[in-house]
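Everything below concerns the one structure shown next.
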Amino acid sequence: MTSTPKVACVLVNWNGWQDTVDCLDALKLNDYPNLKIIVVDNGSTNDSVSRIRASHPDILLLESSKNLGFAGGNNIGMRYALSDKAEYIWLLNNDTKPAQDSLSRLVAKARTDPKIAAVASVCYYADNPSTVQVWAGAKVNLWIGYARNFTEPQSDQSLDALYGASMLIARPALEQVGLLDEGFFHYWEETEFSVRLRNAGWRLAAAPESRILHKVGASTGGYNPVLDRYFTTSGLRILRLHSKIPHFAMLWFLTVRLATRAVRFKVTQCRSVYAGVQDYLRSLPIQLKIR
């Protein structure tokens, strides 16, 4: 490995060209000398492609004919990066603003131990930069389908999963465990990937000095029944794949989600959960064949 390993940064855009342009502006100020930036347009239905190309004509932009979700969009960029001999791949949300040294800090932490598969930044609220949104990752309980993002410093050993808004992944780890699982359209995909890494004997880590400003919910604007639906579908999938007691865990997961909505008479939210269950059941035969 070279003294400054080649890093490919993958940004996925879906109808959010302004956020993507802002993120690219910030990336061009980074102090890491061996970086290639890859933008994947995930089937945008607006003029994102032309806007991004006009603002940053020197950036590689790959186009998907349809929205493949977080996993599918990132995988397009990661496949290109691997073929281009990248030694690390940096997954970065397009609605973020990385600090000038954020990538250097990630790489420095990753190189402290060859068994580190992935390193995450600490994300702060873009509209309140002194407040931590997510401290690198989460505590995950796959017995009951529960995950809680950390907001205070933790040891690397405490990280069950990393937060995918800014995550640096080592090439050897990807070559062993594979890319993101495209059976997840939205939510839980980085958690599932983290579980696979840990099961294969790799370590997860945080780079506390790698700071990212994140425009949380920039494209969703509060409660969104579609996102609630995706969360349910993906939650069921990860429990089936990785829980030691999948049937109990899935039943508990659904019971809690429905009960917390029903007691508050959130009929629309109950329907979203039910729709997520239906989506999961419809996709199950295909997913079983894939796995």
Side-chain angles (χ1 to χ4, degrees), residues 69-71 91 115-123 132-167 169 173 177-178 180-206 208 214 216-217 223 227-264 266 269-270 272-277 279-281 283-284 287-288 291:
F70 181 88
L91 301 187
K115 290 304 294 178
I116 292 178
V119 184
S121 304
V122 177
C123 291
V132 172
Q133 181 223 348
V134 180
W135 203 94
K139 181 70 177 176
V140 179
N141 185 334
L142 293 178
W143 293 90
I144 58 174
Y146 173 79
R148 178 178 59 83
N149 287 329
F150 292 118
T151 57
E152 296 180 352
Q154 304 290 325
S155 67
D156 289 344
Q157 292 71 28
S158 299
L159 297 168
D160 293 329
L162 297 183
Y163 189 52
S166 175
M167 178 169 60
I169 309 168
V177 308
L180 297 175
D181 185 339
E182 295 184 23
F184 296 87
F185 186 79
H186 194 39
Y187 292 122
W188 292 96
E189 52 278 281
E190 69 261 59
T191 301
E192 193 278 334
F193 180 66
S194 297
V195 172
R196 269 189 285 140
L197 289 171
R198 290 192 295 108
N199 287 346
W202 291 93
R203 287 185 53 209
L204 306 178
H214 189 196
V216 181
Y223 176 76
L227 297 182
D228 202 9
R229 181 174 178 171
Y230 290 152
F231 189 92
T232 300
T233 304
S234 295
L236 291 171
R237 178 168 173 77
I238 193 172
L239 292 173
R240 177 175 64 79
L241 292 175
H242 294 295
S243 178
K244 295 184 183 301
I245 46 171
H247 293 97
F248 172 82
M250 293 162 75
L251 179 61
W252 182 263
F253 174 74
L254 289 176
T255 299
V256 170
R257 287 182 68 73
L258 286 170
T260 55
R261 288 155 175 76
V263 297
R264 292 176 291 165
K266 301 290 186 179
Q269 295 183 20
C270 287
S272 295
V273 173
Y274 177 75
V277 175
D279 290 344
Y280 169 76
L281 293 174
S283 68
L284 190 56
Q287 293 183 4
L288 287 173
R291 301 300 288 197

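Each residue takes its place number in the sequence, starting with 1.
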Looking at every non-hydrogen atom in both residues, tell me the closest pair between [X] and [Y] and how far apart they are.
{"X": "A118", "Y": "L197", "value": "CB-CD1, 4.3 Å"}
{"X": "C270", "Y": "R261", "value": "SG-CB, 3.6 Å"}
{"X": "N149", "Y": "A138", "value": "OD1-CB, 3.5 Å"}
{"X": "D181", "Y": "R237", "value": "OD2-NH2, 2.8 Å"}

Check step by step if side-chain contact (heavy atoms from CB on, under 4.5 Å) holds for V277 and Y280.
CA-CA 5 Å; V277 175; Y280 169 76; 5.6 Å; no

So salt bridge (Lys or Arg N to Asp or Glu O under 4.0 Å) across residues 140-154, not counting sequence neighbours, yields none

For a quick test of your reading: what N or O donor-acceptor pairs under 3.5 Å do the side chains of residues 246-255 make, sequence neighbours left out?
from : atom 1 : to   : atom 2 : distance (Å)
T255 : OG1    : L251 : O      : 2.8

Residues R203, Q157; criterion side-chain contact (heavy atoms from CB on, under 4.5 Å); working and verdict
CA-CA 8 Å; R203 287 185 53 209; Q157 292 71 28; 4.2 Å; yes

From [X] [atom1] over to [Y] [atom2], what is the distance, rounded to the nearest 0.5 angstrom?
{"X": "W143", "Y": "N141", "atom1": "CH2", "atom2": "CG", "result": "9.0 Å"}
{"X": "S194", "Y": "M167", "atom1": "OG", "atom2": "CE", "result": "6.0 Å"}
{"X": "L241", "Y": "F184", "atom1": "CG", "atom2": "CZ", "result": "5.5 Å"}
{"X": "I238", "Y": "T233", "atom1": "CD1", "atom2": "OG1", "result": "13.5 Å"}
{"X": "S234", "Y": "E189", "atom1": "OG", "atom2": "CD", "result": "6.5 Å"}
{"X": "H242", "Y": "R198", "atom1": "NE2", "atom2": "CZ", "result": "10.0 Å"}

Check side chain to side chain contact (heavy atoms under 4.5 Å, CB included) between [X] and all other residues, then give those that pass, not counting sequence neighbours.
{"X": "Q133", "value": "C123, Y125, Y163, H214, V216"}
{"X": "S166", "value": "W90, L92, L106, S121, I212"}
{"X": "A206", "value": "W135, A136, D156, L159"}
{"X": "A259", "value": "none"}

Spell out, as yes or no, whether a donor-acceptor pair under 3.5 Å connects the side chain of S272 to the backbone of R229.
no

Main-chain N/O of V134 paired with T151 side-chain donor or acceptor, under 3.5 Å
no

Kindly determine whether F70 and F185 satisfy side-chain contact (heavy atoms from CB on, under 4.5 Å), including the steps that lead there.
CA-CA 6 Å; F70 181 88; F185 186 79; over 6 Å; no

Side chains of L204 and V119: closer than 4.5 Å at any heavy-atom pair?
no

Among all residues two or more places apart in sequence or in another chain, which pass the salt bridge (charged side-chain N to carboxylate O under 4.0 Å, His left out) test with R257?
D228

Mind checking what makes salt bridge (charged side-chain N to carboxylate O under 4.0 Å, His left out) contact with D160, not counting sequence neighbours?
K139

Just jot down the side-chain hydrogen bond (donor to acceptor under 3.5 Å, both in side chains) partners of S158, sequence neighbours excluded, or say none.
S155

Can you name the residues that form a ring pair (Phe, Tyr, Trp, His ring centres under 6.0 Å) with F150, not counting sequence neighbours?
none

Between Y187 and Y230, ring centroids under 6.0 Å
no

For a side-chain contact (heavy atoms from CB on, under 4.5 Å) with F193, tell me which candidate from L91, I169, L162 qualifies.
I169

Any chance CZ of F231 has more than 12 other-residue heavy atoms, nucleotides or ligands included, within less than 6.0 Å?
yes

